[in-house]
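In this text the structure is predicted, and so the values were computed from the model without any measurement. Throughout, numbering of the chain's residues begins at 1 and tracks the sequence. Order of appearance sets the numbers: ligands from 1, and atoms from 1 within every ligand.
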Amino acid sequence: MIDLTALQPEKATGGNCAGSCGNHPHSPSAVPQHIQEKIHNHPCYSEQAHHYYARMHVAVAPACNIQCHYCNRKYDCANESRPGVVSELLKPDQAIKKVLAVGAAIPQMSVVGIAGPGDPLANPERTFATFRELTRLAPDLKLCISTNGLALPQHVDELAKHNIDHVTITINCLDPEIGAKIYPWIFWNHRRIKGVKAAEILIQQQQKGLEMLVARGILVKINSVMIPGINDEHLKEVSRVVRAKGAFLHNIMPLIAEAKHGTFFGLSGQPSPTPEELSNLQTSCESDDMRMMRHCRQCRADAVGLLGEDRGDEFSLEKIEHLEIDHAAAMQRRVAEKARIEAEIAAKHAQSAQPLDNTVQLISLDKLRTKKKTYRSVLMAVASKGQGIINLHFGHAQEFLIYEASQAGIKFIRAAKAELYCTGDETCGEAESRIERIIKSLAGCEVVLCAKIGYEPWGKLEAAGIQPNGEHAMEAIEDAVKSVYQEMSASGKLDEIPVKKQTMRA
Ligand code: CLF
Ligand code: SF4
């Protein structure tokens with residue numbers, strides 16, 4: 001979070017910067033150095049890293065040992081991007097070939113994960129065969145798995161042997177009665193077990209696995225699916241308990257439930273949470289010692305690239321089959337690219353830590369000191385294709401990063417998926433309806449920052465109360481958001497709330 005205490009009356013200091021994972025050394029909840037070393041280039045464990053580093057999933061794990069009411073592992077579905085879905089199931093040797101091909105083409109790749117389409121630990125031979133060979137051929141890549149936890153305790157020692165630093169466990173509940181509404185069955189000791197008993201076993205295994213991983217110093221992230229009316233309130237308790245047991249990060253994701261996916265929840269009309277409901281729950285679970293992941297893209301089990309982009313099609317088996325790859329040279333390029341990224345991030349931090357001395361800042365400070373007022377927060381949408389900068393044309397954005405600017409700082413809130421505005425199809429009012437849908441996905445935002453924007457969408461956004469802004473193209477996102485917020489407060493655009501009133505409310 002960028003500290004905007006420079007805007008606080010009587011507390012003017014320089015700004016600093018930390019992501020929502022709180023991983024900046026100046027953050028009050030700064031991550032210890034030994035953990036920082038494990039997360040600084042993991043795009044899921046560090047919000048900052050997700051602007052720079054890519055991950056890929058290899059879909060080597062087809063089987064699952066439980067059934068979730070939100071899952072239907074459908075293959076070859078090119079039009080959707082959600083967990084459990086893959087285009088190509090891989091054998092371990094094919095997966096290794098793919099990792100080496102992607103690692104040679106995308107030098108900012110830092111993590112290889114196994115996240116399905118089933119459960120990696122329900123397919124231990126395939127999972128560990130893949131990890132073994134990758135450890136040998138590409139030791140610079142971090143290995144990562146995401147599991148439902150049922151088979152976790154029996155595999156913790158093997159995971160630790162492979163030097164795996166990161167494990168995600170999906171934990172949706174601690175109460176078997178709630179679990180029975182989410183999991184119709186599990187497969188346990190060669191038998192199918194149903195109902196509350198099944199949920200009880202699953203929960204016990206998840207908790208035991210979590211404790212064992214923490215005891216071995218492996219970082220654990222907990223994923224939870226927020227299912228309104230079933231586990232939404234209960235997730236606060238889940239968050240408290242997993243935090244107490246040493247989980248590092250909690251990723252509460254919205255339920256995806258559409259009838260066309262053929263899942264139980266989709267077909268039964270179970271509602272998904274709204275972005276606001278999700279954000280409120282995340283905020284109520286967040287604390288100094290429990291970090292919330294807000295930048296998850298709920299990616300496919302064969303996703304490739306930066307979070308939010310999917311380059312899987314470029315690396316199909318057919319396309320990589322005859323590639324000759326020099327592993328050692330590719331690894332050298334990745335190592336050099338990581339050093340370049342780290343230098344870039346360090347330079348940005350150094351810049352952000354400079355005291356602000358521009359005119360807008362001075363006017364703003366002066367005004368605040370005189371009137372002793374505070375200003376409301378503002379949501380801003382940003383178009384970016386990575387590197388933490390505003391480098392994307394409005395019309396080319398398929399998602400917007402939503403930031404909240406307030407006097408307390410700049411906070412990443414979520415990534416909002418959006419329809420592509422520039423598709424080349426300008427017939428039958430298509431562009432007209434597309435911009436309306438984009439505006440809907442930016443609900444609550446007052447500003448959209450992008451590298452460029454056309455005249456038509458500019459007018460529509462402005463009419464909808466969202467101010468387009470192309471003045472900060474190629475600037476660091478957090479600096480630009482901060483600067484726009486300062487301009488808005490200095491120009492009197494933000495409601496001013498007397499300090500006295502605020503204190504009374506608190
Ligand atoms: Fe993959 Fe998961 Fe490892 Fe990341 S994803 S196994 S921790 S490398 Fe990341 Fe994708 Fe969200 Fe998962 S954005 S769905 S949290
Ligand atoms: Fe699907 Fe994962 Fe649940 Fe298995 S654990 S049913 S793969 S969502």
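At a cut-off of 2.8 Å, His57 does not coordinate atom 3 (Fe) of ligand 1 through any N, O or S atom. Atom 10 (Fe) of ligand 1 lies at 2.8 Å or more from every N, O or S atom belonging to Cys296.
Proximity of His295 to ligand 1, defined as any heavy-atom pair under 4.0 Å, is not found for any part of the residue. When heavy-atom distances to ligand 2 are checked against a 4.0 Å cut-off, Asn65 has no atom that comes that close, whether in backbone or side chain.
Heavy-atom proximity to Leu307, at under 4.0 Å, picks out these atoms of ligand 1: 13 (S). Interface atoms of ligand 1 facing Asn251, defined by a heavy-atom separation under 4.0 Å, are 15 (S). Remark: ligand 1 atoms within the under-4.0 Å shell around heavy atoms of Cys144 are 3 (Fe), 6 (S), 7 (S), 8 (S). Those atoms of ligand 1 that come under 4.0 Å of a heavy atom in Cys299, given as number and element, are 5 (S), 10 (Fe), 13 (S), 14 (S).
Among Pro117, Cys68, Cys64, the residue whose heavy atom sits closest to atom 3 (Fe) of ligand 2 is Cys68.
No donor-acceptor distance shorter than 3.5 angstrom exists from the side chain of Asn72 to the backbone of Thr263, with no hydrogens or angles considered.
For Lys221, the closest heavy-atom approach to ligand 1 falls below 4.0 Å. Ligand 1 has no atom lying under 4.0 Å from any heavy atom of Met253.
Residues passing the side chain to side chain donor-acceptor pair (under 3.5 Å) test with Glu177, sequence neighbours excluded: none.
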*Where do Ser110 and Lys142 land on the side-chain hydrogen bond (donor to acceptor under 3.5 Å, both in side chains) test, with the steps shown first?*
CA-CA 6 Å; Ser110 61; Lys142 286 178 189 290; over 6 Å; no
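Here ring pair (Phe, Tyr, Trp, His ring centres under 6.0 Å) pairs that include residues 106-140, with residues two or more places apart or in two chains, are Phe128-His155, Phe128-His162.
Side chains of Val225 and Phe265 form no contact here, defined as non-hydrogen atoms less than 4.5 Å apart. Using a 4.5 Å heavy-atom threshold, the side chains of Val58 and Leu134 count as separate.
Here Phe400 and Phe394 bring their ring centres to under 6.0 angstrom of each other.
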